[in-house]
Amino acid sequence: MDEALEQYLDYIRTNKGLSPATLRAYRSDLSEAFRVFALRGLNSLEDITRDHIRSWMAHEMHRGATKSTVARKIVALRGFFSYAYTHGLCSTNPAESISTPKHSSRLPEVLSKDQAEAFMDAPSGGEVEEDPVAHAHTLRDSAMLELLYATGIRVSELVGLNLEDINLSERLLKVTGKGNKQRVVPFGLPAARTLEAWIEQGRSLVANKKTPSGAVFLGNRGGRIDQRIVRAFVQQRAQAAGVPDIAPHALRHSAATHMLNGGADLREVQEILGHSSLSTTQRYTHVSMDKLKKTYAQAFPRA
């Protein structure tokens, strides 16, 4: 099974254009499933049946895995066995008819406009001019937050930005999203100002021999900044601003909702966020209900 797993990972790495983080997740999920199968005496792909996979799902749920986590792992198993079957590594596809567990659709966490303003304006420290490196970190952090909120890009897309992806004069970003799909995203003047300040005044103070060529945002040691650092900073800023404890993805949700509340078309927001399906973008319309009610009350004669 290990050899089949490596073949599959090589295949999706070459043909699917998945990010390194996604590939690591596939490896982890599949390796863990195969480990459980092996403990049950299933040492080859031919040994595994549909009932074994369903039993493994129950095992995962019993261990405390959420339905969304089990669903993710089932998707990984279905992809693997589809590959294994079509490439002659097994004679049947035991995962073909396995469905993912149904779970309630959670609405995304969203900041109100007042909370977003408080979040963006909260002090972040490192303002002292006598400490140039600390000041450079402040410029970097401000630019990262402004871009996350102004564009709704994912944190993985933020840390992957290169200097050549930025057009400051036109205020446009070239973003590489899931599946290596690229899109162009506009950003506003506040984000442009903080980004320009970081690139022109702060980046050179953090860069060193280890700095990857072209990386926009750098960590304290000069390398491309890690997603975990961005997430930690977002949480620190939320505490300083007195708003709900959020992750960077909440800024993406908030940006989408505020764009829709401001009158943006749903398909325009879909394009900006890089959603492959419009149904994904439609999750954000629930927050626009207050605006819809006000419009209804103003426009409908029998409201």
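Nothing here was measured: the structure is a model prediction, and the numbers come from that model.
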Handout entry: Test item: Arg231 side-chain N/O and Pro248 main-chain N/O as donor-acceptor pair under 3.5 Å
Key = no
Practice task
Determine whether Arg203 and Leu163 make a side-chain contact, defined as any pair of heavy atoms from C-beta on separated by less than 4.5 Å.
Solution key: yes
Exercise for the section: Hey, can you tell me if Tyr11 and His87 have their rings parallel, tilted or perpendicular (30° and 60° cut-offs)? Expected result: perpendicular
Handout entry: Donor-acceptor contact present, side-chain Arg140 to main-chain Leu218, <3.5 Å
Key = yes
Handout entry: Distance (rounded to the nearest 0.5 Å) between Met120 CE and Leu111 CG
Key = 10.5 Å
Exercise for the section: Would you check if the side chain of Arg27 reaches a backbone N or O of Leu9 as a donor-acceptor pair within less than 3.5 Å? Expected result: no
Problem - Heavy-atom side-chain contact between Val175 and Thr151 under 4.5 Å - result: no
Problem - Residues Glu196, Arg193; criterion salt bridge (Lys or Arg N to Asp or Glu O under 4.0 Å); working and verdict - result: CA-CA 5 Å; Glu196 184 175 20; Arg193 287 171 175 164; over 6 Å; no
Practice task
Can you establish whether the number of heavy atoms outside Asp2 located under 6.0 Å from its atom CG is more than 12?
Solution key: no
Problem - Donor-acceptor under 3.5 Å (Ser142 side chain, Thr194 main chain) - result: no
Exercise for the section: Would you indicate whether Gln182, at its atom CD, is surrounded by more than 12 heavy atoms from other residues, nucleotides or ligands within a distance under 6.0 Å? Expected result: yes
Problem - Flag, side chain of Arg171 to backbone of Phe187, donor-acceptor distance under 3.5 Å - result: yes
Exercise for the section: Fit a plane to each ring of Phe81 and Phe34, take the angle between them on a 0 to 90° scale, and name the class: parallel (under 30°), tilted (30 to 60°) or perpendicular (over 60°). Expected result: perpendicular
Fill in the blank from the handout: Smallest heavy-atom separation, Val133 atom then Leu205 atom, equals CG2-O, 4.3 Å
Problem - Hydrophobic cluster membership, Ile48 vs Ile98, 4.5 Å side-chain cutoff - result: yes
Practice task
Ignoring hydrogens and angles, tell me if any N or O in the side chain of Ser82 forms a donor-acceptor pair with the backbone of Arg78 under 3.5 Å.
Solution key: no
Practice task
Look at atom CZ of Arg54 and say whether more than 12 heavy atoms of other residues, nucleotides or ligands are closer to it than 6.0 Å.
Solution key: no
Exercise for the section: Find the distance between CH2 (Trp56) and CG (Leu42) and round it off to the nearest 0.5 Å. Expected result: 13.0 Å
Handout entry: Backbone N/O of Asn162 and side chain of Asp165: donor-acceptor pair under 3.5 Å
Key = yes
Exercise for the section: Begin from the C-alpha positions of Leu5 and Tyr26 and carry the test side chain to side chain contact (heavy atoms under 4.5 Å, CB included) through to its verdict. Expected result: CA-CA 10 Å; Leu5 173 59; Tyr26 269 82; over 6 Å; no
Problem - Heavy-atom pair with the smallest gap, counting every atom of Leu45 and Cys90 - result: CB-CB, 4.0 Å
Problem - Backbone N/O of Gly214 and side chain of Arg224: donor-acceptor pair under 3.5 Å - result: no
Problem - Parallel, tilted or perpendicular: ring planes of Tyr83 versus Tyr8, cut at 30 and 60 degrees - result: tilted
Practice task
Answer with yes or no whether the side chains of Asp47 and Ser44 bring together a donor and an acceptor at under 3.5 Å.
Solution key: yes
Exercise for the section: Ignoring hydrogens and angles, state whether a donor on the side chain of Ser156 or Gln227 is under 3.5 Å from an acceptor on the partner side chain. Expected result: no
Handout entry: Ile166 and Ile199: CA distance, side-chain angles, deciding distance, side chain to side chain contact (heavy atoms under 4.5 Å, CB included) verdict
Key = CA-CA 11 Å; Ile166 300 171; Ile199 292 174; 4.1 Å; yes
Practice task
Give a yes or no on this: more than 12 heavy atoms of other residues, nucleotides or ligands lie within 6.0 Å of atom CZ of Arg13.
Solution key: yes
Practice task
Calculate, to the nearest 0.5 Å, the distance between atoms CD1 and CD1 belonging to Ile53 and Ile74 respectively.
Solution key: 6.5 Å
Practice task
Consider only side-chain N and O atoms of His52 and Ser55, and report whether a donor and an acceptor are under 3.5 Å apart.
Solution key: no
Practice task
Give a yes or no answer on whether the side chain of Trp198 reaches the backbone of Val216 with a donor-acceptor pair at less than 3.5 Å.
Solution key: yes
Handout entry: Test item: side-chain donor near acceptor, His258 and Tyr149, under 3.5 Å
Key = yes
